[in-house]
Each structure stands twice: as structure tokens, then as C-alpha cells.
Amino acid sequence: KKKNPNEPEFIQAATEVLTSLEPVIQANPQYEENGILERITEPERQIMFRVSWVDDQGKVQVNRGYRVQFNSAIGPYKGGLRLHPSVNLGIIKFLGFEQIFKNSLTGLPIGGGKGGSDFDPKGKSDREIMAFCQSFMTELYRHIGPDTDVPAGDIGTGAREIGYMFGQYKRIRNAFEGVLTGKGLTYGGSLARTQATGYGLLYFTNAMLRKNGIELKGKTVVISGAGNVAIYAAEKAMELGAKVVTMSDSTGWVYDPDGIDLAAIKEIKEVKRDRLTAYKAYRPNSEYHEGRGVWSIKCDVALPCATQNELLEEDAKALVANGVIAVAEGANMPTTIEATKILQDAGVLFAPGKAANAGGVATSALEMSQNSERLSWSFEEVDAKLKGIMENIFKNADEAAEKYGHAKNYVVGANIAGFVKVADAMLAQGVI
Ligand code: NDP
């Protein structure tokens with residue numbers, strides 16, 4: 001805390017991870033002897049830079065860009081770029097730290113990193129977005145590369161932004177290479193990447209429920225968010241026979257007791273880039289509410305898929321009172337430490353984001369493989385690999401939890417399973 005004042009999100013993430021690693025640290029004194037915990041919580045490199053661009057009124061705008069290259073013990077840094085006005089160093093550090101363990105859990109050779117900017121893409125014209133992305137990449141390009149650091153999308157960074165950034169990188173470097181993932185399908189993107197995080201969340205949730213003798217089919221699911229993760233989580237949940245009754249965005253939420261009309265959500269969010277207030281025109285029987293509130297709806301499964309710290313203590317209490325069976329995090333750290341404790345103490349199956357939402361980065365790593373091979377795999381091939389990876393993550397987290405005396409505590413299990421591989425690689429590579 002002394003070393004990182006004003007970084008509450010990073011302190012929160014590090015506290016959560018370090019606390020749950022206690023059993024593995026006790027059993028393996030070599031980690032402590034070699035300063036693994038001190039080193040793993042200090043980024044290998046942090047880059048902060050000016051991003052200036054000209055808006056449609058001809059005015060100069062200045063944003064701050066970030067790339068935190070946290071840990072490269074098991075592979076090139078990998079993690080998304082977040083474009084949101086709330087972005088600051090502490091948030092990027094928390095995300096980069098989580099990414100180390102998540103990437104390790106996928107079983108693929110990728111290190112941890114994260115980046116972004118306090119730029120707000122909302123309400124900007126296409127030209128303004130392009131101007132920002134080109135300026136951002138004009139600095140970032142010197143720090144990244146297909147074998148060094150491979151950024152991806154995150155909140156505010158979708159296919160459009162990745163396209164503009166990729167174009168600028170290619171132009172500066174004069175090299176067509178897999179330096180970003182989440183690319184469009186015509187220039188090196190992977191099929192199923194768009195769906196991967198949401199689908200993967202459901203593959204994980206399904207594996208967790210099954211292990212506990214529960215079927216997803218017929219269950220009522222509450223989802224927050226209406227972005228990339230939320231939409232494809234809803235799609236797969238419906239495909240698996242569940243009923244999704246809520247979605248939300250940064251201004252409000254919808255409750256549709258008959259089941260969300262996903263085609264309408266996709267049109268509103270993916271095509272029109274509009275607010276959820278527009279949903280009522282498609283479904284007159286639905287309810288729209290300002291502010292937050294999806295967790296007040298009775299459900300069997302809750303999937304927070306919007307942003308960090310969006311499921312609070314009182315939300316956890318409401319979910320428990322309404323008989324929730326499972327909570328699985330599609331977003332990164334959406335549940336506060338206090339809320340997580342309430343859920344776990346009440347016996348709710350809790351899937352932490354670093355395990356449950358790892359499908360996105362796993363598929364990004366598959367995109368890197370396809371780029372290296374100069375080949376594209378079919379949707380079915382990628383989706384099948386994704387499913388296998390998610391089931392394997394669940395199995396590893398489940399087994400690690402059991403091995404260290406915390407059966408069914410998937411937070412502990414995921415942290416330990418993700419940590420051990422990175423820690424062992426750091427030990428083998430010496431004090432660096
Ligand atoms: P999007 O930008 O596509 O969607 C985010 C959604 O959450 C939007 O509906 C947005 O509302 C809402 N939202 C964003 N910020 C806030 C806020 N401060 N308060 C309330 N609502 C908010 O992002 P993604 O779906 O890609 O990401 C969602 C979460 O999942 C993030 O935590 C991200 O880090 C995580 N994640 C994403 C992965 C991916 O592959 N995309 C992979 C792993 C994790 P509005 O529509 O109004 O903008």
C-alpha cells in the first residue's frame with residue numbers, strides 16, 4: 001500500500017490474490033526465499049505517454065496512454081487496451097496483474113499485460129476515433145511486437161479501434177504481423193473471437209454447475225452489461241436452455257420477464273450504438289430502470305459482465321435472499337471482496353473472472369497461433385478448442401482448491417493454479 005498509494009483497485013486485486021496464495025506459499029518455501037511475491041506484484045515495465053489528436057472542431061485534445069507490461073515469465077505480454085474516462089494507472093495495473101494468472105490458467109504461452117487510455121470513445125465520430133487510435137499507436141508501436149507484447153480489445157476497444165490501430169502499426173513498421181488480436185476477419189482475425197469471452201463464461205459455468213450436480217437448462221439468468229461479453233454470454237446461455245431476463249448499460253437496465261430479445265439488444269448496441277432505453281420499443285412488456293439494479297431480480301445464476309466493482313455487498317445479500325445458486329464473473333473483478341465473501345459463505349458457487357472469462361484471451365492466443373501459421377481455422381475448430389480450454393481451466397481450479405484444502409473455493413483454486421506455473425517459470429529464470 002505504501003509503494004502504490006492512490007491505486008485502490010490494484011491493492012484490492014493484489015490483496016485478494018496474495019491472501020488466497022497463503023497455503024501454496026506455506027507448502028513451498030522456495031517461493032518466499034526467492035522473492036516471488038515481491039517480484040510478481042511489481043510490473044516489469046510501465047509506460048505512460050501523451051496522446052494528442054485533433055477533434056472535429058479543429059481543437060487539440062490530449063489524453064494519457066498506458067501500457068503496463070507486468071510479467072513475461074511464460075510468454076509475451078498479452079492483455080487488452082481499455083478506452084474509458086475512468087482509466088488510470090491503478091486500474092491498468094489491477095487488470096494487468098489479474099491477466100498474469102488468467103493467461104497462465106489458459107495453459108497457453110502468454111504473459112500478462114494491460115493498457116489503454118482515459119479517452120472516451122462515446123459520442124466521437126469515426127474520424128475522431130481514427131485520429132485518436134493513430135496517435136495512440138504512433139507511440140505504442142515501439143513497445144510492442146508479435147513476440148514481445150500483443151495487445152487486444154477491452155472496454156471501449158472493439159473491432160473498429162483495433163482496425164485503426166493495426167493499420168497504423170503496419171504503416172509505421174512496414175510489417176504485416178500478428179501484433180494485435182481481435183482483428184477483423186479479412187486481415188488476420190480469428191473466427192469465434194467475438195463470441196469467445198461470453199461463450200467461454202458459459203462453458204465454465206456449465207462445467208462448474210455439472211460438477212455440483214446441477215443443470216443450466218431451465219434456469220433463470222441475470223446478466224449485467226450489454227457489451228461484447230454480456231451479449232455473447234446471453235447468446236450461449238440461451239442456447240444451453242437458460243432464460244436470460246436482464247441486461248444493463250452505464251445508464252440503466254432492462255428487465256424482460258419473458259426472456260431478453262437478443263436480436264434487439266444486438267441491433268441497439270452493436271449496430272446503432274444506442275442506449276438500452278431503446279429496448280422498450282422492441283419489447284413493450286419489458287421494464288426499463290435508470291441506474292443500477294439487475295441484482296435485485298430473482299435468479300438462479302448471476303453473470304456480472306459490465307465492469308469492476310459492480311456487484312456490492314447489498315447486491316450479494318439480495319442475490320442470496322433470492323436463492324441464487326451460482327455467480328460467475330464475465331467482467332474483471334466485478335464483485336467486491338466483501339460481496340464475494342457473502343456469496344461464498346452462503347454456499348453460492350462462485351467463479352472468479354480470471355478463470356471464467358479467460359476464453360477471450362485464450363482465443364486471442366489461438367489467433368496468434370493462426371497468424372504465425374498464416375492459416376485460419378474454422379469457427380467450429382476454434383469453438384471446440386475454446387470449450388476444451390474452459391473445461392480444463394475449471395478442472396485445474398477445482399483440483400487446486402481441493403489439493404490445498406479449500407474444496408469448491410474456485411477463487412483460491414484459480415489463483416493457485418494460475419500462480420504456480422508463473423512462479424516456477426520465474427524461479428527457473430533466476431532473479432530478474
Ligand atoms: P464493452 O465495452 O463491450 O461493454 C461493457 C458494458 O458494460 C457496456 O454495456 C457498458 O455500458 C457497461 N459499462 C462499462 N463501464 C461501466 C460502468 N462504469 N458502469 C456501468 N456499466 C458500465 O466491454 P466488454 O464487454 O468487452 O468488457 C466487459 C468486461 O469484461 C470488462 O470488465 C472487461 O475487462 C472484461 N473482459 C472482456 C473481455 C473481452 O474479450 N471483451 C475478456 C475478458 C474480460 P455502455 O453500453 O453504456 O457503454
Side-chain angles (χ1 to χ4, degrees), residues 9 13 78-87 91-92 94-99 101-103 105-106 112 114-116 120-124 151-162 181-182 189-190 192-201 204 223-235 246-254 265-266 268-270 272-279 290-295 303-312 328-335 351-367 386 390 393:
E9 292 86 358
K78 176 114 203 76
L81 297 170
R82 177 171 295 191
L83 301 182
H84 193 272
S86 64
V87 163
I91 289 185
I92 298 298
F94 120 64
L95 291 163
F97 183 68
E98 290 278 296
Q99 199 82 43
F101 305 96
K102 179 188 306 194
N103 292 1
L105 278 170
T106 66
K114 197 83 186 188
D120 186 0
K122 278 209 187 101
K124 303 286 191 301
D154 189 63
I155 290 180
T157 308
R160 173 180 59 168
E161 291 75 18
I162 291 289
T181 56
S190 174
R193 173 61 188 92
T194 307
Q195 293 82 356
T197 307
Y199 279 22
L201 174 65
F204 187 99
I223 296 183
S224 67
N228 175 255
V229 179
I231 287 177
Y232 293 96
E235 186 165 285
T246 67
M247 297 197 82
S248 67
D249 65 13
S250 44
T251 51
W253 56 286
V254 290
I265 296 280
K266 283 185 181 178
I268 294 166
K269 285 291 171 188
E270 294 184 334
K272 296 183 177 162
R273 294 175 188 270
D274 199 354
R275 312 239 56 97
L276 280 180
T277 36
Y279 186 75
E290 287 288 327
R292 51 195 301 286
V294 294
W295 315 123
L303 305 174
C305 297
T307 191
Q308 67 270 7
N309 294 329
E310 51 152 328
L311 200 162
L312 314 174
E329 297 184 322
N332 285 315
M333 206 170 73
T335 319
K354 70 170 70 64
N357 72 27
V361 74
T363 308
S364 284
L366 301 180
E367 183 173 329
L386 169 65
M390 297 312 298
I393 295 175

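What you see is a predicted model; the values in this text were computed from it and never measured. Indexing begins at 1, ligand by ligand and atom by atom, following the structure's order.
For the atom pair CG of N357 and CG of N332, the computed distance is 5.0 Å after rounding to the nearest 0.5 Å. The line from CD1 of I231 to CE of M247 is 5.5 Å long, rounded to the nearest 0.5 Å. If you take CG on L311 and CD on E329, they are separated by 8.0 Å, rounding to the nearest 0.5 Å.
For R82, the salt bridge (Lys or Arg N to Asp or Glu O under 4.0 Å) partners are D154, not counting sequence neighbours. Checked against side chain to side chain contact (heavy atoms under 4.5 Å, CB included), R273 has the following partners two or more places apart in sequence or in another chain: R160. Legend: residues meeting side chain to side chain contact (heavy atoms under 4.5 Å, CB included) with A331, ordered by chain and number and at least two apart, are E310, P334.
At a heavy-atom cutoff of 4.0 Å, ligand 1 is surrounded by R82, H84, K102, K122, D154, I155, G156, R193, T197, G225, A226, G227, N228, V229, S248, D249, S250, K269, R275, C305, A306, T307, G330, A331, N332, N357.
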